[in-house]
Engineer: 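Once you've had a glance at the structure underneath, I'll fire off some questions.
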Amino acid sequence: MVSPASADPGLLTGFYRNMLLVRRFEEKVGQMYGMGLIGGFCHLYIGQEAVVVGMNAAIRADDAVITSYRCHAHALVRGVTPKAVMAELTGRSGGISKGKGGSMHIFDTAHGFYGGHGIVGAQVPIGAGVAFAQKYRNTDNVTLVFFGEGAANQGQVYETFNMASLWKLPCVFVVENNRYAMGTAVGRIKAGTGIFRRGEAFGIPGIEVDGMDVETVHEASKDVVARVRGGGGPVLVEMLTYRYRGHSMSDPVKYRTRTEVQKVREEQDAIDQVRARLVERGVADDAELRRIDRDVKEQVAEAAEFAQQSPEPDPGELMTDVLVASGDG
Amino acid sequence: MVSPASADPGLLTGFYRNMLLVRRFEEKVGQMYGMGLIGGFCHLYIGQEAVVVGMNAAIRADDAVITSYRCHAHALVRGVTPKAVMAELTGRSGGISKGKGGSMHIFDTAHGFYGGHGIVGAQVPIGAGVAFAQKYRNTDNVTLVFFGEGAANQGQVYETFNMASLWKLPCVFVVENNRYAMGTAVGRIKAGTGIFRRGEAFGIPGIEVDGMDVETVHEASKDVVARVRGGGGPVLVEMLTYRYRGHSMSDPVKYRTRTEVQKVREEQDAIDQVRARLVERGVADDAELRRIDRDVKEQVAEAAEFAQQSPEPDPGELMTDVLVASGDG
Amino acid sequence: MAAVTVRQALRDAMAEEMRADERVFLIGEEVAEYQGAYKVSQGLLEEFGTARIIDTPITEHGFAGLAIGAAMAGLRPITEFMTFNFALQAMDQIINSAAKTLYMSGGQVSCPIVFRGPNGAAARVAAQHSQDLASWFAHVPGLKVVAPFSAGDAKGLLKSAIRDPNPVIFLENEILYGATSDVPDGDFALPLGEAGVERSGGDVTVVAYSIMVAKALEAASSLAREGIEADVINLRTIRPLDTRTILESVSRTGRLVIVEEGWSFAGIGAEVAAAVIAEGFDLLDAPPRRVSAADAPLPYAANLEAMALPRPDDIAAAVRDVCYTGL
Amino acid sequence: MAAVTVRQALRDAMAEEMRADERVFLIGEEVAEYQGAYKVSQGLLEEFGTARIIDTPITEHGFAGLAIGAAMAGLRPITEFMTFNFALQAMDQIINSAAKTLYMSGGQVSCPIVFRGPNGAAARVAAQHSQDLASWFAHVPGLKVVAPFSAGDAKGLLKSAIRDPNPVIFLENEILYGATSDVPDGDFALPLGEAGVERSGGDVTVVAYSIMVAKALEAASSLAREGIEADVINLRTIRPLDTRTILESVSRTGRLVIVEEGWSFAGIGAEVAAAVIAEGFDLLDAPPRRVSAADAPLPYAANLEAMALPRPDDIAAAVRDVCYTGL
Ligand SMILES: Cc1ncc(C[n+]2csc(CCOP(=O)(O)OP(=O)(O)O)c2C)c(N)n1
Ligand SMILES: Cc1ncc(C[n+]2csc(CCOP(=O)(O)OP(=O)(O)O)c2C)c(N)n1
Ligand SMILES: [Mg+2]
Ligand SMILES: [Mg+2]
């Protein structure tokens with residue numbers, strides 16, 4: 001574990017800024033959904049910010065990331081602009097996918113982000129395939145494959161563990177255990193031990209990490225990524241985290257108490273923890289923190305503005321991108 | 001483990017007779033396939049006899065069994081007549097399924113035998129469902145769910161482990177590890193530990209058993225079945241066995257040496273082991289053994305005869321059994 | 001008669017059949033404590049308890065196979081897919097195990113199971129959550145395929161599906177869950193395999209299923225203002241297909257339009273058109289027209305989604321076409 | 001020109017494309033050391049090594065998803081299903097990931113992958129190993145669907161499929177693997193989307209694909225003895241469907257018979273019939289006839305299996321029917 005002193009102050013400030021960006025962005029998404037500007041299924045990442053921010057800091061720009069429908073944050077930390085993500089959510093031509101995919105399906109290959117997958121578990125073998133390509137090309141890249149603790153029961157996950165282990169693929173399997181799969185508390189649908197141990201029988205070592213502490217996430221991830229990048233084969237990381245909001249915007253959240261949520265917010269909030277450390281370590285004063293908050297708010301406001309101004313896709317887009325015109329390939 | 005002395009002599013003779021029946025039956029199937037009397041995919045059980053004979057002796061007539069396409073032996077030990085099985089293989093009206101299913105799809109619900117499944121792994125969740133029904137009806141029955149070591153990589157197996165463990169279903173998962181999945185040696189497509197440990201992370205205890213020794217199989221199975229019948233939840237048993245013949249009748253078997261096969265035949269053959277013990281323990285003399293051999297040969301000859309004399313199914317059968325006529329249900 | 005929502009009608013059908021037959025149970029994701037992702041199983045856990053209302057992990061392949069095994073062992077599972085898109089993970093068990101085992105076992109092993117859940121597009125849920133699987137399932141012998149439109153359909157057909165000794169694919173529609181219509185009181189069941197005539201016109205036959213029946217009826221009333229009176233046939237059951245009712249109507253109208261929410265290539269429209277032509281070629285005064293989804297994955301953008309799915313205007317235009325009034 | 005087997009032609013197509021493009025690799029069960037369950041990948045391991053000829057565990061869902069991911073990352077996987085029946089386990093990945101991602105990503109993420117293997121019935125392998133999945137795949141936008149008949153088709157179409165930037169479902173036929181025919185020398189590729197005319201008659205149009213082309217040709221020669229000369233069209237590509245070639249023939253013959261090995265309900269026959277009627281109603285002198293498999297799972301018994309699959313006599317009877325010589 002990292003001793004506070006050893007942590008690079010610039011890094012910590014960056015963590016703070018990124019986590020705040022994700023949270024403010026998602027809060028704005030929630031508002032806009034309420035205003036009817038965003039439709040369909042929409043899953044917010046609020047509460048889990050430390051996981052993606054800490055892990056992303058442990059990989060390189062040319063590495064790859066893939067996740068589920070709960071994908072806004074993963075796209076943002078990879079470097080997709082808030083405007084391009086938000087306009088995708090409003091279904092406008094300025095969206096990263098011209099508004100054709102929406103909230104669950106953000107992709108940006110330019111930033112090594114492979115989506116954005118709506119079918120639970122599907123990104124796991126696909127992500128291993130991205131890692132397969134990295135190895136096939138003899139690169140030293142790695143792929144972070146994110147999935148939920150509910151998805152961790154999917155059979156394709158174990159088929160993938162077996163192949164990834166057999167072929168020593170450079171992928172990190174990251175279970176974001178936010179304690180709920182839709183309305184189902186993890187204990188109700190998962191038998192046996194901790195999820196991080198479910199790779200052992202396939203020869204995949206696993207670790208459990210406090211996913212609410214971005215520095216812990218980052219330190220643990222650096223070690224894991226180094227091992228995987230070095231050809232050590234896949235590793236399974238279980239990030240213990242928590243989702244503050246409903247599963248999606250249409251979830252009334254009757255399956256847990258407000259106090260349960262309050263307790264986590266008060267005792268473990270990833271952003272509060274870092275804010276406190278920044279002050280306590282004298283890295284940033286209130287003025288500096290206010291400045292970051294203001295910047296982030298502005299960024300998000302601009303994104304929201306852009307996402308509403310951007311025109312709907314051209315009607316001609318209905319029939320494009322069904323197939324790649326031969327030759328383009 | 002059983003000490004030879006403690007073994008019931010009648011039981012051992014029964015084991016011998018049943019294993020011999022399976023082997024002679026399968027040898028005859030091989031001949032008839034060569035003569036063109038049996039078609040399609042046909043998978044022989046020769047070499048693995050101790051597994052199904054020993055396990056079947058550990059369950060009751062009202063329990064259930066399900067397996068893959070390699071199913072002739074499982075049907076025979078459940079009590080399906082050699083005639084009904086053989087006529088199914090020749091595709092005649094006297095077959096257990098009127099010749100409509102063939103070698104891979106033997107079923108006999110009257111004997112609690114649920115097939116006979118051609119898709120690798122499919123019988124695993126189905127078998128758990130049979131166990132689910134046993135529990136739903138508050139019976140104390142159990143279901144033996146057989147599958148190969150190749151099938152053990154299938155995702156649906158792990159989805160089933162999770163549910164069976166969560167719901168404490170009365171099923172015994174039996175991996176018949178005959179060392180090859182078609183042409184693939186187990187080590188080439190299986191990462192990690194022994195298969196018997198692949199249930200642990202789901203809370204399913206596993207054991208490894210010498211599947212070439214029918215008494216060992218029987219003793220181990222009695223304990224496992226007692227635990228499962230008592231409501232202890234599922235158990236995973238890995239039976240270490242060996243297939244002497246090709247994967248199916250169309251397999252040239254280029255992936256292993258004759259000497260490898262010879263060595264197992266000479267040192268571990270399940271039937272030779274029991275024959276030796278019968279004599280050594282003075283349970284049966286040569287005359288008795290010859291009598292059993294003769295009986296079994298006769299039974300198989302009659303089955304072969306019946307399977308060739310039985311007429312082809314009535315053309316009208318083509319369109320029956322597609323749906324159950326409402327009302328029949 | 002009482003006016004209830006489709007959601008309520010489905011719930012009542014399950015509750016009544018579960019009271020009448022204790023072999024019947026409900027299994028799926030979020031069906032118990034959450035009361036159903038779309039609240040279709042509201043109150044069932046409270047009435048029937050955890051032994052018969054069963055929450056599963058998110059493992060469609062596994063729990064579909066498990067339910068099939070339970071059915072083969074004599075129980076009567078109702079298996080809910082949160083949406084039918086997820087049934088793609090269970091397709092092998094549905095086709096190779098549920099649909100084929102009766103035949104392979106020479107009639108020994110039946111599989112009395114209902115697979116139900118919302119099928120097709122909802123609102124803005126994009127390509128992976130919007131597929132209409134009707135033609136896929138209907139292609140396969142050994143399955144029955146049902147697609148209710150009204151609350152009466154929902155209750156009457158679901159009760160028959162649960163009682164049916166065969167595997168039945170029961171395709172609901174999320175947008176229709178809240179729609180209200182009259183349902184006869186008491187033990188009301190509708191036979192599988194019989195279409196309903198929702199409107200009698202005589203100038204043209206419009207065949208539709210599920211939510212497309214509503215679009216067809218909308219189109220029919222606007223066409224009526226132009227003096228075109230349409231028969232609107234609600235298929236209710238897609239397999240077995242009630243060609244008799246369709247042909248009877250076509251014999252009077254000579255003109256046929258088939259409306260489906262799904263893709264046209266080898267779709268239900270293709271089958272209905274081919275079947276009518278095979279049996280009623282001489283009845284037709286014009287080539288049948290198919291109205292289907294745009295031949296693309298469903299887009300998220302509001303304007304594109306609206307264009308992608310059949311609208312009443314598209315149906316009206318097709319009708320004018322076959323009536324030549326378009327010329 | 002050299003006479004080679006379909007098996008050899010497929011092998012050569014893969015070997016040539018692998019030599020030309022090192023992004024191309026082969027993955028599947030028993031494709032490497034065993035040289036393919038049906039020996040289609042004979043010698044490829046020796047030439048290309050374990051990095052490009054990859055044996056997988058028996059996990060279709062997983063390895064299909066993995067290959068799709070590799071394709072999204074820019075490689076060109078050829079994914080072999082030992083038979084397409086097993087693709088049912090991988091259906092979610094093929095449809096929801098391979099076919100839809102290009103669209104959902106607004107054109108960013110393409111998936112240049114070939115899924116290939118034997119499709120449909122072999123000899124006596126019964127219901128779970130004999131399904132023709134042509135109409136299922138052809139139903140879905142975002143996929144191309146190819147079904148070669150001759151060795152030339154096999155080589156020319158597979159090379160084009162491997163070069164195609166889209167997911168291509170390549171449906172082979174086990175019984176045809178050993179069939180021999182001429183293949184042009186050199187780098188021979190056939191464009192996807194173009195049907196071939198195997199026989200020119202003029203009295204009737206018979207449309208078929210895969211092994212049914214052989215049955216159609218058999219029927220055609222016996223019909224010729226009766227004075228009925230048939231056009232026999234080999235679809236080659238099922239999606240996109242070459243309606244132009246079909247309509248051109250029908251415009252001369254006025255009569256259409258479609259032959260498919262699969263089930264008829266919402267099958268390829270239904271689509272071809274509906275498409276021809278939509279675009280060529282006035283060209284037809286008789287209702288198109290569909291010749292398909294018996295509407296049942298495929299039985300094992302030799303006599304029942306023979307009855308279940310379309311025979312030349314069934315095709316000839318249908319032709320006489322549409323030519324009214326049956327009356
Ligand atoms: C195969 C499949 N089944 C069901 C669903 C519906 N569904 C979407 S998200 C979800 C819960 C997933 O929970 P988890 O894996 O823990 O991820 P989280 O949402 O908590 O991030 C379910 C059941 C789906 N999208 N795909
Ligand atoms: C899903 C699926 N994939 C592939 C096959 C083809 N196949 C039939 S048996 C077999 C090998 C299975 O090996 P194992 O599970 O060890 O059982 P064994 O044959 O040794 O008894 C394969 C690959 C199939 N039937 N189903
Ligand atoms: Mg979760
Ligand atoms: Mg094996």
Side-chain angles (χ1 to χ4, degrees), chain A residues 64 66 88 95-102 104-110 114-119 121-137 143 145 154-164 166-167 169 313 317 319-329, chain D residues 22-23 25 27 50-52 54-77 89-90 92-93 95-113 141-144 160 163-168 191-193 239-240:
Chain A
I66 190 168
E88 188 59 34
I96 184 76
S97 302
K98 300 179 281 185
K100 294 166 85 164
M104 297 187 287
H105 307 299
I106 309 292
F107 294 84
D108 185 1
T109 44
Y114 287 86
H117 298 267
I119 304 300
Q123 74 274 21
V124 178
I126 295 172
V130 172
F132 176 95
Q134 291 167 329
K135 183 170 188 190
Y136 187 92
R137 295 201 172 99
T143 300
V145 181
Q154 279 262 316
Q156 62 187 321
V157 169
Y158 301 92
E159 296 188 352
T160 303
F161 282 176
N162 189 48
M163 290 184 286
L166 269 172
W167 301 334
L169 301 182
E317 285 295 341
M319 298 309 296
T320 63
D321 305 322
V322 177
L323 291 170
V324 178
S326 303
D328 310 12
Chain D
E22 100 249 309
R23 297 171 303 173
F25 67 98
I27 184 167
T50 53
R52 295 180 69 189
I54 299 155
D55 280 328
T56 66
I58 309 164
T59 54
E60 282 77 4
H61 193 176
F63 74 71
L66 187 145
I68 287 165
M72 290 175 173
L75 299 184
R76 296 283 182 130
Q89 289 194 345
D92 177 66
Q93 288 287 1
I95 304 304
N96 278 319
S97 302
K100 296 176 182 174
T101 300
L102 180 72
Y103 195 86
M104 296 192 300
S105 66
Q108 292 183 79
V109 182
S110 66
C111 188
I113 187 169
L143 299 177
K144 293 185 179 182
S160 295
R163 295 173 190 176
D164 198 277
N166 298 290
V168 179
L192 304 187
R239 174 100 182 218

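Letters A, B, ... mirror the listed sequences (proteins, then strands); counts begin at 1.
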Engineer: Considering only heavy atoms and a distance below 4.5 Å, find which of Val124(A), Val157(A), Ile119(A), Thr109(A) pairs most often with chain D.
Structural biologist: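 Most pairs with chain D among the choices: Ile119(A).
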
Engineer: For the interface with chain D, which of Thr160(A), Asn162(A), Ile96(A) has the highest count of heavy-atom pairs at distances below 4.5 Å?
Structural biologist: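 Of the options given, most contacts go to Ile96(A).
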
Engineer: At a 4.5 Å cut-off on heavy atoms, which part of Pro141(D) comes close to chain A: side chain, backbone, both, or neither?
Structural biologist: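 For Pro141(D), backbone and side chain are both near chain A.
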
Engineer: Where does Ile106(A) contact chain D at under 4.5 Å (heavy atoms): side chain, backbone, both or neither?
Structural biologist: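 When you check distances to chain D, no heavy atom of Ile106(A) falls under 4.5 Å.
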
Engineer: Side chains of Ile126(A) and Thr101(D), heavy atoms from C-beta outward: is any pair under 4.5 Å?
Structural biologist: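 Of all side-chain heavy-atom pairs linking Thr101(D) with Ile126(A), none is under 4.5 Å.
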
Engineer: Under 4.5 Å between any side-chain heavy atoms of Leu166(A) and Pro57(D), yes or no?
Structural biologist: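 Yes, at least one pair of side-chain atoms sits under 4.5 Å.
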
Engineer: With a 4.5 angstrom heavy-atom cut-off, could you sort out which part of Thr320(A) is near chain D: side chain, backbone, both or neither?
Structural biologist: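 Backbone of Thr320(A) only, per the 4.5 Å heavy-atom cut-off to chain D.
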
Engineer: For Arg137(A) and Leu75(D), what are the C-alpha separation, side-chain angles and deciding distance, and is it a side chain to side chain contact (heavy atoms under 4.5 Å, CB included)?
Structural biologist: CA-CA 9 Å; Arg137(A) 295 201 172 99; Leu75(D) 299 184; 3.9 Å; yes

Engineer: Working to the nearest 0.5 angstrom, can you tell me the gap between Tyr103(D) OH and Met319(A) CE?
Structural biologist: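 Rounded to the nearest 0.5 Å, the OH-CE separation comes to 7.0 Å.
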
Engineer: Identify the residue among Gln156(A), Gln154(A), Glu159(A) that makes a side-chain hydrogen bond (donor to acceptor under 3.5 Å, both in side chains) with His61(D).
Structural biologist: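 Answer to the side-chain hydrogen bond (donor to acceptor under 3.5 Å, both in side chains) test with His61(D) among Gln156(A), Gln154(A), Glu159(A): Gln156(A).
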
Engineer: Closest approach of Asp92(D) and Ala122(A), non-hydrogen atoms and distance?
Structural biologist: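 Of all heavy-atom pairs spanning Asp92(D) and Ala122(A), the closest is OD2-CB, 4.3 Å.
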
Engineer: Against chain A, label Leu143(D) side chain, backbone, both or neither, depending on which of its atoms sit under 4.5 Å from a heavy atom there.
Structural biologist: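 Contact with chain A involves the backbone of Leu143(D) alone.
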
Engineer: Tell me, please, which residues at least two apart from Ser97(A) pass side-chain contact (heavy atoms from CB on, under 4.5 Å).
Structural biologist: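 Result, side-chain contact (heavy atoms from CB on, under 4.5 Å) vs Ser97(A): Glu88(A), Ser105(D), Gln108(D).
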
Engineer: Does any part of the side chain of Thr56(D), heavy atoms only, come nearer than 4.5 Å to the side chain of Trp167(A), both counted from C-beta?
Structural biologist: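 Yes; the side chains approach each other to less than 4.5 Å.
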
Engineer: Contact part of Glu22(D) toward chain A, heavy-atom cut-off under 4.5 Å: side chain, backbone, both or neither?
Structural biologist: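 For Glu22(D), the contact with chain A is made by the backbone alone.
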
Engineer: Side chain, backbone, both or neither: which part of Gln134(A) has an atom under 4.5 Å from a heavy atom of chain D?
Structural biologist: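 Neither the backbone nor the side chain of Gln134(A) comes within 4.5 Å of chain D.
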
Engineer: Which heavy atom of Leu323(A) sits nearest to which heavy atom of Leu102(D), and what is that distance?
Structural biologist: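 Closest approach of Leu323(A) to Leu102(D): C-CD2, 3.6 Å.
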
Engineer: What I want to check is whether the side chains of Tyr136(A) and Arg52(D) have a donor and an acceptor closer together than 3.5 Å.
Structural biologist: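 Result is yes, a qualifying pair exists.
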
Engineer: Which atoms of Ala51(D) are under 4.5 Å from chain A, going by heavy atoms: the side chain, the backbone, both sets, or neither?
Structural biologist: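 Only the backbone of Ala51(D) comes within 4.5 Å of chain A.
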
Engineer: Search all heavy atoms of Ala325(A) against all heavy atoms of Pro165(D) and return the closest pair with its distance.
Structural biologist: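 For Ala325(A) versus Pro165(D), the nearest heavy atoms are O-CG, 4.0 Å.
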
Engineer: Quick one: pull up NE2 in His117(A) and CD in Gln93(D) and give me the separation to the nearest 0.5 Å.
Structural biologist: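 Between atom NE2 of His117(A) and atom CD of Gln93(D) there are 8.5 Å.
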
Engineer: Could you tell me which non-hydrogen atom of Ala73(D) sits nearest to which non-hydrogen atom of Tyr114(A), and how far apart they are?
Structural biologist: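 Closest approach of Ala73(D) to Tyr114(A): CA-OH, 3.8 Å.
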
Engineer: Identify the heavy atoms of Ala128(A) and Leu66(D) that sit nearest to each other, and give their distance.
Structural biologist: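 Where Ala128(A) meets Leu66(D) most closely, the heavy atoms are CB-CD1, 4.0 Å.
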
